[in-house]
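Counting starts at 1 for both ligands and their atoms, in listed order.
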Amino acid sequence: MKREPLVMVCTCEMSGRVRGKGFPAADLPARLVKGVGWVPTNTMISAFGPIFSTPFGTGGDLVLVPDPMTAVEVEFGDGSAAERFFLGDLRELDGTPWACCPRDFLRRGLAALKAEAGVELVAAFEHEFVYTGVADAPGSPYSLDAYRRQGVFGEALMAALRAAGVEPDSFMAEFGARQFEVTVAPATGLAAADRAVVLREIVRATAHRLGERAIFSPILDPDGTGNGVHIHFSFRDGDGRPTLHDPAGPHGLSEPGAWFVAGIMHHLPALCAVTAPSTVSYMRMRPNRWAPTHATLARQDRGASLRVCPVMPGGEPAKQFNVEYRCADAAASPYLALGALVWAGVDGIRKRRALPEGDGAPLPASLAAALDALEATPEAAEWFGAAHLSTYLMHKTGELTSLSGLDEHAQCARYAATY
Ligand code: GLU
Ligand code: MG
C-alpha cells in the first residue's frame with residue numbers, strides 16, 4: 001500500500017487528553033506559520049468525550065500553531081505509521097494567545113517567576129502507569145521477574161523516548177499490580193511540560209504497537225495502588241547556577257526557594273483542583289498509598305505533599321537539590337499542573353510567604369472540595385485570567401456531574417478507559 005506521511009499538531013487542554021489535527025508532512029513549512037483551525041469549545045471536550053457544557057457554543061475560531069521545538073518523530077520499525085506530531089499554542093486569528101491556551105498559562109507563570117526572582121524553573125515529571133501486557137504475580141514489586149515478564153516493552157519504550165527527544169533516566173516495575181514507572185531528565189520550564197505530554201503519548205504509543213495499553217489513570221481500583229505523577233523542580237539563575245538550595249535555609253531551601261514552596265503550601269487545596277483533577281484522584285490520595293493525604297512539607301518523606309529530595313553521594317549538592325510535588329496525576333494537563341504550581345510559587349515570592357509550621361491540614365477529600373478551594377482563591381483569577389478560570393471550573397463541574405451516582409469502582413472504570 002502506498003503511503004504519504006502525516007503530521008499532527010496537538011494541544012493538551014483541560015481534559016488532559018492530547019487532541020489536535022493532522023496534515024500532509026509536505027505542508028509542514030506552511031503549517032508551522034498558519035497552524036490548523038481549532039474552536040474554543042474543544043477545550044470543553046471532557047476526558048470521556050462528550051461536551052457537558054460550554055460557554056462558547058458553536059462560535060469562534062482559533063488556530064493551533066505547532067512549536068518547532070516540540071517536533072516528535074518516532075519510527076517503531078515494525079511497519080506501523082510513525083508517531084509524528086508537534087505540540088502547539090492556541091491563538092486568536094490575529095496571532096495573540098487565546099485566553100484559555102494551556103501553554104500560554106504556563107509560559108506567563110514562568111515569565112512572572114523570572115520577573116519576580118530572576119530564576120528559571122527546571123522540572124522533571126515522574127510517571128507511574130499500568131501496563132496491560134504483563135500479568136500480576138505475587139511478589140512483583142520492583143522484581144526482576146516483573147521486569148522480565150514485560151518483555152520488549154521497556155526496551156522499545158527507551159528507544160522511542162530517546163528518539164522523541166525525551167531523555168529516559170530509569171524504568172522499573174513499581175509497587176502496584178502491573179505498575180511501572182519511568183523517570184526522565186529534567187528540562188527548563190515549558191520544555192519540561194512538553195516532555196511530560198510527549199512521554200505519556202510515547203508510552204501509550206509503544207504499548208499500542210504491542211497490542212496493549214498503558215493506563216495512566218490515577219487509580220484503577222479504589223483498594224489498589226495509585227499512579228502518581230511526581231513533579232520535581234529546582235531553580236537556575238541567568239547564568240545557569242542552581243539557586244533553590246541553601247544549606248543554612250529551612251529544609252535546605254534558599255530564600256526565594258522557601259517563599260516559592262510556601263506559596264505552593266499555602267495554595268495546596270486549590271492546586272489539587274488542577275493537579276489532581278479527577279474524582280478518582282482523591283481515591284489515590286488516601287492513607288498507606290505512599291501518596292499524600294495532608295498538606296505537608298518534609299525532608300525525605302514520601303508521604304508528604306512536598307518532599308525535599310535527598311542529595312545523593314558523589315554529585316554537587318546544589319545541582320542535585322530539588323523539591324518534589326506529589327499531589328499530581330496524569331488526569332492533569334502538564335501545562336496546567338506545572339503552570340498552577342509556578343503561579344502559586346510566584347504568589348509566595350510576591351507575598352514573602354513563610355513556610356508553615358506544625359501538622360498540615362488534610363488535603364481536599366474530593367474533586368468537589370478542591371474545586372471549591374480553587375473558586376475561593378482570589379489570586380487564581382489573576383493567574384488564569386477570569387475567563388479561563390470560570391471555563392475550567394465549568395469543565396470540571398460538568399465532569400463531576402456526569403459521574404454522579406456511580407460508585408467508586410464504576411468511576412475507576414470510567415477513568416481507566418480514557419487515561
Ligand atoms: N504510587 C505512589 C503515588 O501514587 C507513589 C509511590 C512512590 O513513592 O513512588 O504517588
Ligand atoms: Mg514511584
Atoms in ligand 1 flagged as close to [X], the criterion being non-hydrogen separation under 4.0 Å:
| X | value |
| --- | --- |
| Arg289 | 2 (C) |
| Arg302 | 8 (O) |
| Gly228 | 3 (C), 4 (O), 10 (O) |

Neighbour count above 12 (heavy atom, 6.0 Å) for Arg204 CZ |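 Enclosed: over 12 neighbouring heavy atoms sit under 6.0 Å from CZ of Arg204.
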Reported CD1-to-CD distance for the pair Ile219 and Glu408, which is rounded to 0.5 angstrom |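 CD of Glu408 is found 9.0 Å from CD1 of Ile219.
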To which of Met172, Arg326, Glu174, Arg284 does the heavy atom nearest atom 8 (O) of ligand 1 belong?
->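 Checking each option, the heavy atom nearest atom 8 (O) of ligand 1 is found in Arg326.
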Taking atom types as modelled and ignoring hydrogens, do the side chains of Thr183 and Glu126 form a donor-acceptor contact shorter than 3.5 angstrom?
->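 The criterion, which ignores hydrogens and geometry beyond distance, is not satisfied for Glu126 and Thr183.
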Flag for Thr188-Glu120: side-chain donor and acceptor within less than 3.5 Å |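 Checked: Glu120/Thr188 side chains show no N/O donor-acceptor pair below 3.5 Å.
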Do Glu83 and Arg209 sit within salt-bridge range, that is, some charged N less than 4.0 Å from a carboxylate O?
->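 Yes, this pair counts.
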Going by heavy atoms, is Met285 under 4.0 Å from ligand 1?
->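 Met285 does not count as a contact of ligand 1 under the 4.0 Å cut-off.
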Partner of His267 by ring pair (Phe, Tyr, Trp, His ring centres under 6.0 Å), out of Tyr325, Trp383, Phe260 |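 Single ring pair (Phe, Tyr, Trp, His ring centres under 6.0 Å) partner of His267 among Tyr325, Trp383, Phe260: Trp383.
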Do Ala291 and ligand 1 have an N or O pair less than 3.5 Å apart?
->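 Ala291 vs ligand 1: no N/O contact under 3.5 Å.
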Would you check whether His230 has a nitrogen or oxygen atom less than 3.5 angstrom from a nitrogen or oxygen atom of ligand 1?
->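 Such a contact does occur with ligand 1.
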By atom name, which N, O or S atom of Glu128 is the nearest to the Mg ion (ligand 2)?
->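 Atom name returned: OE2.
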Quick check: does any side chain N or O of Trp343 sit under 3.5 Å from a backbone N or O of Phe384, one acting as donor and the other as acceptor?
->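 No, because the side chain of Trp343 does not come within donor-acceptor range (under 3.5 Å) of the backbone of Phe384.
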Angle subtended at the Mg ion (ligand 2) by OE1 of Glu181 and OE2 of Glu174, to 10 degrees?
->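 Centred on the Mg ion (ligand 2), the OE1/OE2 angle is 90° (to 10°).
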Identify the closest protein heavy atom to atom 6 (C) of ligand 1: which residue and atom is it, and at what distance?
->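 Heavy-atom neighbour on the protein nearest atom 6 (C) of ligand 1: Glu128 OE2, 3.3 Å.
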